[in-house]
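Quick notes on the structure that follows.
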Amino acid sequence: MAAQDGNGADRTPENVKDPFNMRGETAQIVDDLDRAINQELDLPKMEFDEILVCGMGGSAVGGDIVADCLYPVSSRPLKVVRFPELPAWASERSLVLVSSYSGNTRETLSVFEQAVIRGCQIIAITSGGILMDRCVEMDIHVVAVKKGIQPRNAVGYTVGYTFNILRTIGGPDITDDIRKVLPDLRKYVASLKGGRDSDAVKAARRIGRKVPVIYSSSYLYSVAGRWRAQFNENSKLVAFDGHIPDTNHMGVDGMSSFNKVKMKPILLIEDDMSRMMEKLQKQTFNALKKNGLNPYVINITGRNIFEKVFRATLLGDFISLELAFRDSKDPRDVSSISSLKERLSALLGKN
């Protein structure tokens, strides 16, 4: 049954209040990815031993997605740093991709300055702000992102530019695999924007007002975190995420103890997974059922790892919007986060 407003009218995708066109902005993510991955970048070839993607919140998600997609193919490690300090081992042999949509995130600026001091090879991804100014001032490579969108909706740009940067400088390259699936991803976005029978609307109905707990299989770890963040920011819902098989060792028992909270376990399961992962997924499903929980299994399809990861990302984004609209929430409003960031910025600025 579709949600209703105070007058009893259905709040379907065609008539919900979306004053800032968050649905339209989200629908542009694949086009943003296409532009970013195909843009010619003026970057030299580089020699490096490891890759660090440094960012916070929505600006770090691109690094998570890239890390998942490169996990089975990259000969060099990639680490996402969500911390105001670089790891001790970062050096002049480290490639540091500094990602801050606004260019003013204090934690990320702190990491940037440390990378400069250590002589790391730095490339920034930003729409402007202090980070852009510092890169221009110090003649550091910077890739400019389109201004005027929500940082969490800049994921198409951050993912596309990160892959493009790595390809251009001589790093791991899966850009051909990405280009192959762009037409199918566009069709998928069109289906998610559809009416009350879209996959996103159906999933939002299944989740309802329960607390989502998202579990992912091997190459979808970044997606589980993205769903949690989007439910938090867009839907204004408390949400949690975990990973199979790790959650089998500690997460299931904890969830069963809080069944009265009406949690909704969501299992993101890839098609054609390995036999081992298939067994682990079934074990998780059975354990949740045994403990009185009813898992919602969502099968993620795709011709390659990137398509699976990005399809799942898009699905979660649109589900989070539908959940917001069903509860008359404005998904664009992040005033509480802005207030906290101001306080953190003041605190970090004193150091």
Side-chain angles (χ1 to χ4, degrees), residues 32-67 69-70 73-87 89-149 151 154-176 178-179:
D32 298 341
L33 169 70
D34 190 354
R35 282 188 286 270
I37 207 164
N38 287 303
Q39 181 176 326
E40 186 173 345
L41 302 179
D42 184 17
L43 298 171
K45 297 294 182 181
M46 296 182 178
E47 295 290 336
F48 52 93
D49 295 332
E50 62 271 331
I51 307 162
L52 294 94
V53 180
C54 305
M56 299 291 293
S59 295
V61 168
D64 293 330
I65 292 174
V66 172
C69 294
L70 292 183
V73 298
S74 178
S75 61
R76 281 165 283 196
L78 189 158
K79 180 177 179 59
V80 180
V81 177
R82 288 179 169 86
F83 200 64
E85 296 179 351
L86 280 176
W89 47 261
S91 69
E92 67 276 357
R93 293 290 301 175
S94 303
L95 171 65
V96 178
L97 303 181
V98 182
S99 177
S100 171
Y101 181 75
S102 69
N104 294 317
T105 305
R106 281 291 175 184
E107 296 92 334
T108 309
L109 290 172
S110 174
V111 170
F112 170 80
E113 297 296 344
Q114 292 168 49
V116 170
I117 292 171
R118 296 199 201 178
C120 300
Q121 300 176 70
I122 306 170
I123 302 173
I125 304 172
T126 184
S127 68
I130 297 172
L131 180 58
M132 177 74 79
D133 293 341
R134 291 287 286 148
C135 288
V136 172
E137 173 188 334
M138 303 178 69
D139 198 25
I140 290 174
H141 300 294
V142 59
V143 176
V145 181
K146 175 184 174 182
K147 296 177 179 287
I149 56 180
V155 66
Y157 283 114
T158 55
V159 169
Y161 280 134
T162 301
F163 278 120
N164 194 347
I165 288 168
L166 293 175
R167 175 187 61 81
T168 302
I169 67 175
D173 180 14
I174 64 166
T175 53
D176 285 342
I178 297 173
R179 292 188 184 95

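Worth saying up front: this structure is predicted, and the values here are computed from it rather than measured. In this chain, residues are counted from 1 in sequence order.
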Distance, nearest 0.5 Å, that separates OG of S91 from CZ of R118: 8.5 Å
Side-chain heavy atoms of I140 within contact of V116, under 4.5 Å: yes
Partner set under salt bridge (Lys or Arg N to Asp or Glu O under 4.0 Å) for R35, not counting sequence neighbours: D32
Side chain proximity check, L166 to L95, heavy atoms < 4.5 angstrom: yes
Test log, rule side chain to side chain contact (heavy atoms under 4.5 Å, CB included), inputs F163 and L33: CA-CA 10 Å; F163 278 120; L33 169 70; 5.7 Å; no
Flag side-chain contact, heavy atom, 4.5 Å: D42 against E40: no
F112 and T108, any side-chain heavy atoms less than 4.5 Å apart: no
T162 side chain to T158 backbone, donor-acceptor under 3.5 Å: yes
G103 versus L109, closest heavy-atom pair with distance: O-CD2, 3.7 Å
Minimum heavy-atom distance between G156 and A36, given as atom pair plus value: O-CB, 4.2 Å
Residue pair F83 / V111, side-chain heavy-atom distance below 4.5 Å: no
Partners passing side-chain contact (heavy atoms from CB on, under 4.5 Å) against E92 (at least two apart in sequence or in another chain): none
Expected output: side-chain N38 to main-chain D34 donor-acceptor under 3.5 Å: yes
Side-chain (Y157) to main-chain (I125) donor-acceptor, under 3.5 angstrom: no
Results of side-chain contact (heavy atoms from CB on, under 4.5 Å) for A60 - residues two or more places apart only: V80, R82
OG-CG distance between S110 and L86, expressed to the nearest 0.5 angstrom: 8.0 Å
side-chain hydrogen bond (donor to acceptor under 3.5 Å, both in side chains) contacts touching residues 131-145 (sequence neighbours left out): E113-R134, R134-E137
S99 side-chain N/O to G55 backbone N/O, donor-acceptor pair under 3.5 Å: no
Within-4.5 Å side-chain heavy-atom neighbours: C135 and T126: no
For V81 against P87, the heavy-atom pair lying closest together: CG2-CD, 4.3 Å
Closest approach of G128 to K147 (non-hydrogen atoms, all atoms of both residues): CA-NZ, 4.0 Å
Worked verdict on V66 versus V53 for side chain to side chain contact (heavy atoms under 4.5 Å, CB included): CA-CA 9 Å; V66 172; V53 180; 6.0 Å; no
Non-hydrogen atoms of N164 and R167 that approach each other most closely: OD1-NH2, 2.8 Å
CA sep, side-chain torsions, deciding dist, call: I123, Y161, side chain to side chain contact (heavy atoms under 4.5 Å, CB included): CA-CA 11 Å; I123 302 173; Y161 280 134; over 6 Å; no
Non-hydrogen atoms of S74 and R76 that approach each other most closely: OG-O, 2.8 Å
N104 (side chain) donor-acceptor with G129 (main chain) under 3.5 angstrom: no
Partner of T105 by side chain to side chain contact (heavy atoms under 4.5 Å, CB included), out of C54, S100, S59: S100
Non-hydrogen side-chain atoms of I149 and Y101 separated by less than 4.5 Å: yes
Results of side-chain hydrogen bond (donor to acceptor under 3.5 Å, both in side chains) for T175 - residues two or more places apart only: D173, R179
Show me, pair by pair, the donor-acceptor contacts under 3.5 angstrom made by side chains of residues 43-50, not counting sequence neighbours?
| from | atom 1 | to | atom 2 | distance (Å) |
| --- | --- | --- | --- | --- |
| K45 | NZ | T168 | O | 3.1 |
| D49 | OD1 | R93 | NE | 3.4 |
| D49 | OD1 | R93 | NH2 | 2.9 |
| D49 | OD2 | R93 | NE | 3.1 |
| E50 | OE2 | S94 | OG | 2.4 |

